[in-house]
Colleague: 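First the structure, then my questions, so here it is.
In listed order, ligands and their atoms are each counted from 1. Remember, it's a predicted structure, so these values are computed and weren't measured experimentally.
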Amino acid sequence: MSIVLLSTLLAFASFSTSQSQPQNIFLLAGESNIVGQGGVVNNKWDGVVPPESGPNPAVQRLNAKLEWEEAKEPLHSGLNTGVVNGIGPGIPFGIGVFGDNPRLNVIGLVPSGVSGTKIIDWQKGTKAYNQLITRAQAANKSGGFIQALVWYQGESDTVLKADADAYKGRFNQFIKDLRADLDSPFLVILEVALASGIGNFTEEVRQAQLKSGIHDVRVVDAKGLELEKDKVHLTTRAQVRLGEKLAEAFR
Ligand SMILES: *[C@@H]1O[C@H](CO)[C@@H](O)[C@H](O)[C@H]1NC(C)=O
Ligand SMILES: *[C@@H]1O[C@H](CO)[C@@H](O)[C@H](O)[C@H]1NC(C)=O
């Protein structure tokens with residue numbers, strides 16, 4: 001989308017409905033690293049929130065009751081993520097997206113990650129997929145335009161070669177169905193290329209992510225970002241950096 005068109009859209013959006021409902025919506029989905037495991041050690045979050053992770057009055061989140069509230073860490077708290085929630089990339093991303101233009105309206109984050117999911121668990125009709133659609137539609141109904149999906153997933157697809165080989169096709173199908181169901185054929189996808197995996201096929205999944213071959217997918221490479229001792233999850237500092245990189249990619 002051109003910058004002029006985007007600005008026009010945002011300017012229009014900021015005058016069209018009440019101030020309290022975010023009008024620029026970002027969906028966040030995937031597995032544990034989008035949920036956020038920064039600062040989680042031995043199933044306990046250390047409670048440390050860096051200044052880059054807010055709270056910030058310009059960033060709201062859709063909670064488990066489908067209501068807007070000021071976003072604070074852990075961003076996925078109250079949602080059924082299947083894991084102890086820690087620091088993720090969402091809030092630094094949200095602050096970074098429109099942070100340098102205070103005239104733009106508040107943005108709304110829709111955290112929807114589910115830990116331990118494979119890409120096949122996000123195909124149309126699955127529980128995770130349906131929940132993502134329900135939350136996206138609720139955010140849209142309250143006046144929001146869905147600007148992008150932030151997608152960080154694939155660690156669970158690195159164990160079996162068959163899953164790694166199927167990653168590209170399953171991802172493309174997921175995006176195709178999501179765009180159709182949200183009636184948003186050009187929905188921007190900010191896809192994170194894996195920093196880690198739990199099996200031996202991480203590089204295969206990364207290659208699929210780096211070359212998805214579908215339009216309006218922007219890849220942000222997480223390789224090299226600092227990991228927790230489990231060698232799978234990004235640290236708090238790494239999540240902040242990732243959030244900033246994702247915001248750069250969107251702008
Ligand atoms: C959300 O709702 C508005 C109407 O209020 C619509 O114009 C927009 O395209 C919808 N969909 C998305 C994906 O934002
Ligand atoms: C990865 O490969 C090594 C060496 O072949 C093997 O011992 C190990 O079990 C594999 N790991 C997984 C998770 O399959």
Colleague: Any idea which protein heavy atom is nearest atom 14 (O) of ligand 1, and the distance to it?
Modeller: I146 N, 2.9 Å
Colleague: I need the atoms of ligand 1 closer than 4.0 Å to a non-hydrogen atom of L182, numbered in the order shown.
Modeller: 13 (C)
Colleague: Angle class for the F26/F250 ring planes (parallel below 30°, perpendicular above 60°, tilted otherwise)?
Modeller: perpendicular
Colleague: Flag atom 4 (C) of ligand 1 as yes if some protein heavy-atom distance to it falls below 4.0 Å, otherwise no.
Modeller: no
Colleague: Can you pull out the closest protein heavy atom to atom 10 (C) of ligand 2? Residue, atom name and distance to 0.1 Å, please.
Modeller: N200 ND2, 2.6 Å
Colleague: Going by the atom numbers of ligand 1, which of them fall below 4.0 Å from some non-hydrogen atom of G144?
Modeller: 1 (C), 14 (O)
Colleague: For side chain to side chain contact (heavy atoms under 4.5 Å, CB included), just list the numbers for I119 and W151, CA-CA rounded to whole Å, side-chain angles, deciding distance to a tenth of an Å, and then say yes or no.
Modeller: CA-CA 11 Å; I119 187 75; W151 179 251; 3.6 Å; yes
Colleague: Are any non-hydrogen protein atoms located under 4.0 Å from atom 7 (O) of ligand 1?
Modeller: no
Colleague: Strictly distance-based, threshold 3.5 Å: is any side-chain N or O of K161 a donor or acceptor partner for the main-chain N or O of E204?
Modeller: no
Colleague: Has G143 got any heavy atom lying under 4.0 angstrom from an atom of ligand 1?
Modeller: no
Colleague: Pairing donors with acceptors under 3.5 angstrom, does anything connect the side chains of Q37 and N33?
Modeller: no
Colleague: Taking N42 for the side chain and K44 for the main chain, is one N or O donor matched with an acceptor at less than 3.5 Å?
Modeller: no
Colleague: Students should be able to answer this: which protein heavy-atom is nearest to atom 12 (C) of ligand 1, and at what distance?
Modeller: N140 ND2, 3.5 Å
Colleague: For the hydrophobic clusters of this structure (ILVMFWY residues joined by side-chain heavy atoms under 4.5 Å, transitively), does one cluster hold both L190 and Y152?
Modeller: yes
